[in-house]
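Input: a single structure, listed below in structure tokens.
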Amino acid sequence: MTATHELTRNQALVFNALTKAESPLSAYTILDRLRDDGFRAPLQVYRALDKLLDYGMVHRLESLNAFVACAHPHCGEHGLIAFAICEKCGQVSEFSDVVIEEQVRDWTGQNGFKPSKTTVEIRGTCASCLNS
Ligand SMILES: [Zn+2]
Ligand SMILES: [Zn+2]
């Protein structure tokens, strides 16, 4: 997905809120931060998030029920995305790994399982928290 997407005002506001955030944000936190910009209802946030998720510009962290801006400029090109979530500072690192992706594909293929979505979330302590 190399095309840049025309974002609506609301989509751009939500995306900027996520880009500026140090850690993942829930839809309600996004709503709170955008009240001054005219956001009033969770649905406005969810609509914008839906599109941003579609575009691959934002990812949903299942275990936190929160959202992060994609760390890659041209996301959607990477297949399987993994997230390392620090439980101390809340920082999230995104990476994609072809080996994990291949193993998931091998297993699902061999077992006749049709995956619709694969989420890898590693929870623990990040390097800087470990060292402090
Ligand atoms: Zn990404
Ligand atoms: Zn940390």
Side-chain angles (χ1 to χ4, degrees):
M1 195 179 294
T2 48
T4 46
H5 298 279
E6 289 273 336
L7 297 184
T8 65
R9 179 176 178 274
N10 280 4
Q11 288 160 14
L13 285 167
V14 168
F15 186 65
N16 285 342
L18 286 170
T19 309
K20 280 188 286 181
E22 310 251 297
S23 51
L25 301 180
S26 71
Y28 281 88
T29 309
I30 297 171
L31 177 62
D32 272 348
R33 295 195 180 182
L34 294 178
R35 278 191 197 279
D36 289 345
D37 294 296
F39 276 64
R40 289 292 172 267
L43 193 62
Q44 292 173 293
V45 177
Y46 282 118
R47 280 218 187 102
L49 283 171
D50 267 358
K51 277 295 169 196
L52 293 167
L53 288 166
D54 257 17
Y55 296 156
M57 296 170 69
V58 163
H59 300 302
R60 183 168 182 272
L61 296 166
E62 308 284 341
S63 67
L64 301 178
N65 196 13
F67 302 85
V68 284
C70 178
H72 304 103
H74 299 301
C75 206
E77 282 177 3
H78 54 48
L80 192 150
I81 318 163
F83 299 96
I85 303 165
C86 178
E87 290 177 322
K88 289 223 165 88
C89 68
Q91 201 205 309
V92 172
S93 305
E94 175 185 347
F95 63 96
S96 56
D97 187 300
V98 283
V99 176
I100 302 175
E101 188 179 0
E102 274 170 23
Q103 289 188 341
V104 169
R105 200 187 305 130
D106 282 355
W107 187 91
T108 52
Q110 281 161 16
N111 290 274
F113 187 93
K114 184 177 175 293
S116 55
K117 185 174 197 286
T118 308
T119 311
V120 178
E121 297 181 8
I122 308 156
R123 302 185 65 140
T125 312
C126 75
S128 61
C129 285
L130 271 178
N131 290 328
S132 62

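In this text, all values refer to a predicted model and were calculated from it rather than measured experimentally. Here, residue 1 is the first one in the sequence, and each next residue gets the next number.
In this structure a side-chain-to-backbone donor-acceptor pair under 3.5 Å is missing from Gln110 to Trp107.
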Item to complete: Tell me, with the steps shown, if Ile100 and Thr118 meet side chain to side chain contact (heavy atoms under 4.5 Å, CB included).
Response: CA-CA 11 Å; Ile100 302 175; Thr118 308; over 6 Å; no
Item to complete: Take Cys126 and Ser93, measure what side chain to side chain contact (heavy atoms under 4.5 Å, CB included) needs, and give me the verdict at the end.
Response: CA-CA 9 Å; Cys126 75; Ser93 305; over 6 Å; no
Worksheet entry | Full working for side chain to side chain contact (heavy atoms under 4.5 Å, CB included) between Leu7 and Leu52 | CA-CA 9 Å; Leu7 297 184; Leu52 293 167; 4.0 Å; yes
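From Thr8, atom OG1 reaches atom NZ of Lys51 across 10.0 Å, with rounding to the nearest 0.5 Å. The CD atom of Gln91 sits 8.0 Å away from atom SG of Cys129, with the distance rounded to the nearest 0.5 Å. To the nearest 0.5 Å, the span separating CZ on Arg33 from CG on Leu25 amounts to 5.0 Å. A distance of 6.0 Å separates OH of Tyr46 from CZ of Phe67, quoted to the nearest 0.5 Å. The CD atom of Glu94 lies 4.0 Å from the SG atom of Cys70; values are rounded to the nearest 0.5 Å. A distance of 4.0 Å separates CZ of Arg47 from CG of Leu43, quoted to the nearest 0.5 Å.
Other residues, nucleotides and ligands place no more than 12 heavy atoms under 6.0 Å from the CG atom of Asp36.
Of all heavy-atom pairs between His59 and Phe83, the closest is CB-CZ, 3.4 Å. Across every non-hydrogen atom of Ala27 and Val45, the tightest pair is O-CG1, 3.8 Å. Closest non-hydrogen pair, Leu61 versus Pro24, comes out as CD1-CG, 3.4 Å.
Under 4.0 Å is where a charged nitrogen must lie from a carboxylate oxygen, and between Arg60 and Glu62 at least one such pair does.
Results of the side chain to side chain contact (heavy atoms under 4.5 Å, CB included) test with Ile85 over Leu64, Ile122, Thr125, Val68 single out Leu64 as the only residue that passes.
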